[in-house]
Amino acid sequence: MEWETVIGLEIHAQLATRSKIFSGASTAYGAEPNTQACAVDLGLPGVLPVLNKGAVKMAVKLGLATGCTVAPRSVFARKNYFYPDLPKGYQISQYELPIVHDGELHIELEDGTTKRIGVTRAHLEEDAGKSLHEGFEGVTGIDLNRAGTPLLEIVSEPDIRSSEEAVAYMKKLHSLVRYLGICDGNMQEGSFRCDANVSVRPRGSTEFGTRAEIKNVNSFRFVQQAIDHEVERQIDLIESGGEVVQETRLFDAVKGETRSMRTKEEANDYRYFPDPDLLPLEVDDALVDEARSELPELPDAKKQRFVEQYGLSAYDASVLTASRELADYFEAVADAAGGEGKLAANWVMGELSGALNKAGLDITESPVTPAILGGMLQRITDETISGKIAKQVFEAMWNGEGDADTVIEAHGLKQVTDTGAIEAMIDEVIAANPDQVAQYKGGKDKLLGFFVGQVMKASRGKANPGQVNDLLKKKLDG
Amino acid sequence: MDVFTFAIERRLADNSGFPESRFEEAMSLSNEQVTEIAHLARLQVDQADLPEYARNLSDILSFVDAMNAMETDSVEPLAHPLEMPQRLREDAVTEENQREQFQAVAPQVEAGLYLVPRVIE
């Protein structure tokens, strides 16, 4: 039987606020344990939560960027469960009335087409603390620094049909939250993590199969692996006469497989109810307008503009807009290069990306600034240097030898465009290779390349290749 | 008599607004369900008290059931009895590190961590 995979993703994005969602404690990562856990975060008696406007505005921004409806009124609820890193015995979340709902995200598929994935809702909630089991005998250590950190849980419709689509959706959302500046997207630190609801059904069926939820996957690669494994497991199970059980599963990155999280069956019963400590949240037009006015140019719009303004291909434009930092870098280079967008794109995506990758650096850490790279591109367009010599110049700039003009001067790399000088070199090459000249004259046209190579070599790469080509032809054919 | 039983019995006495038929259909909790609810709330319950708790809780559910029978389609669900919106605070760090004071009253701490009985097997 042919099977269809149905996937819905729940993504938790940690919001980049300075303080926590319901308290004035810092959210900075990496502090000494419990030094950023105040009375509210510890759930001490008598404390009351007060909602952070910054977190609300960030949620609204995500809503606006995904075409969601921003709820004029939403409600916080208590999700009740017991675990030591949740001191109050409940997590403050949103249940029936989330802050934004009913939006969409468009993902690009490998065949170049786009697909709409519905965004069911995004709601605000607080994170729990951390439990440390290692290094203690018979006890668990609790660090509550993370408790109360604002999270935005973004829930997709079950519109995703493969692990590739799931990764495309996750990457798109990852790029979006970073463009919006609402989440640093650091997956190692858990700032952006994913739960995947996965089920399979016979192709053509309109009913959903029983789903399993894979919890807390924190890399794009793991999401793909986890889903692929889970789909295979479910199909094997059904085809061998078994049934998929609705359960929570964990992805084991070492073994590359998912396994059931609970050994004994204990149904989740969170007993949600409206939190009496928190009045309903009203988001008025003023706040929505404020959020809207702060929205940057979003990835899709930027990509479209790059295609129109710089004449880039859709593929190049989407590579260059994958992150805001890369897009900004590219635009600065294109500007410095006098608007030569295509040339700038080639160098940013080629030579520069290659060098960054090799050195394990991020675009923001590039030793070559956009101004310096753009300056070199100008020397290509005004024919001071050839594209080939430019690679040498780039390498020197990468090694901190200064800007293009300094490097060209110091290494004597200026292109030779003096016809007389080039002709002199050509004459030497012709005189030194009488056999090849005879063969060429005898009809072996391909040898032209050999002569061009010899002349370029004689000029140590500095002769203008176009001129060399033209002059050679004239001399050999004439 | 506890406060819930009192409230229900008073409503029964004046018999205002409860459709009789609905009331008879009211669900009744088993001892097992009470044990499960107690577990979710991490309450220790004496076996001998189960029947009484079951009866009291069932009475509360009957009370809720009676309310469920009311026509509420045109009523917006109440999220909070105070009819006002939530005030927001600016996103600023206002808390200082008070770990010393907080941990002074904790039963067990080590290396800045609160220690609790081991939670995974």
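Chain naming here is simple, since letters A, B, ... match the order of the sequence lines and numbering starts at 1 in each.
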Inset, instruction - Sort out for me which of B:Thr94, B:Leu82, B:Leu115, B:Val93 touches chain A most, counting heavy-atom pairs under 4.5 Å. - result: B:Val93
Inset, instruction - Name the member of A:Gly89, A:Pro84, A:Gly129 that forms the most heavy-atom pairs with chain B at distances under 4.5 Å. - result: A:Pro84
Legend entry - Residue, of A:Ala37, A:Ser131, A:Gly141, that accumulates the most heavy atom pairs under 4.5 Å with chain B: A:Gly141
Legend entry - Residue part contacting chain A, namely of B:Ala79, when any heavy atom lies under 4.5 Å: both
Legend entry - Salt bridge flag under 4.0 Å for residues A:Glu126 and A:Lys20: no
Legend entry - Part of A:Leu42 lying under 4.5 Å from any heavy atom of chain B: side chain
Legend entry - Top contributor to chain A interface from B:Gln86, B:His80, B:Arg89, B:Arg99 [non-hydrogen pairs under 4.5 Å]: B:Arg89
Inset, instruction - Check for a donor-acceptor pair, side chain of B:Glu52 on one end and backbone N or O of B:Asp49 on the other, with a separation under 3.5 Å. - result: no
Inset, instruction - Could you tell me whether A:Arg78 and A:Asp277 make a salt bridge, using a distance below 4.0 angstrom between a side-chain N and a carboxylate O? - result: yes
Legend entry - Residue, of B:Leu78, B:Leu88, B:Val116, that accumulates the most heavy atom pairs under 4.5 Å with chain A: B:Val116
Legend entry - Closest-packed option against chain B by number of heavy-atom pairs under 4.5 Å, given A:Leu97, A:Val50, A:Val75: A:Val50
Inset, instruction - Below 4.5 Å from any heavy atom of chain B, which atoms of A:Val40 appear? Answer side chain, backbone, both or neither. - result: neither
Inset, instruction - Any chance you could measure B:Gln98, atom CD, to A:Thr35, atom OG1, to the nearest 0.5 Å? - result: 12.0 Å
Legend entry - side chain to side chain contact (heavy atoms under 4.5 Å, CB included), paired with A:Pro150, selected from A:Asp127, A:Thr27, A:Ile182: A:Thr27
Inset, instruction - Look at A:Lys88 together with A:Asp275 and state whether they make a salt bridge at an N to O cut-off of under 4.0 Å. - result: no
Inset, instruction - Against chain B, work out which of A:Ala77, A:Ala28, A:Pro274, A:Ser26 has the most heavy-atom pairs shorter than 4.5 Å and name it. - result: A:Ser26
Legend entry - B:Gln101, CD atom: more than 12 neighbouring heavy atoms under 6.0 Å: yes
Legend entry - Per-residue contact mode, B:Gln103 against chain A (heavy atom under 4.5 angstrom): side chain
Inset, instruction - Look at A:Ala31, A:Pro33, A:Gly54 and state which one has the largest set of heavy-atom pairs under 4.5 Å with chain B. - result: A:Pro33
Legend entry - Euclidean distance, A:Ser74 OG relative to A:Glu96 CD, rounded to 0.5 Å: 12.5 Å
Legend entry - A:Tyr81 versus chain B, the contacting section by heavy-atom distance below 4.5 Å: neither
Inset, instruction - Measure distances from A:Phe273 to the heavy atoms of chain B and classify the residue's part below 4.5 Å as side chain, backbone, both or neither. - result: neither
Inset, instruction - Under 4.5 Å, counting heavy-atom pairs only, tell me which of B:Arg87, B:Glu95, B:Glu36 racks up the most with chain A. - result: B:Glu95
Inset, instruction - Give a yes or no on whether A:Tyr95 atom OH has more than 12 heavy-atom contacts from other residues, nucleotides or ligands under 6.0 Å away. - result: no
Inset, instruction - For B:Leu113 and A:Asn34, work out which heavy atoms get closest and say how close. - result: CA-ND2, 3.6 Å
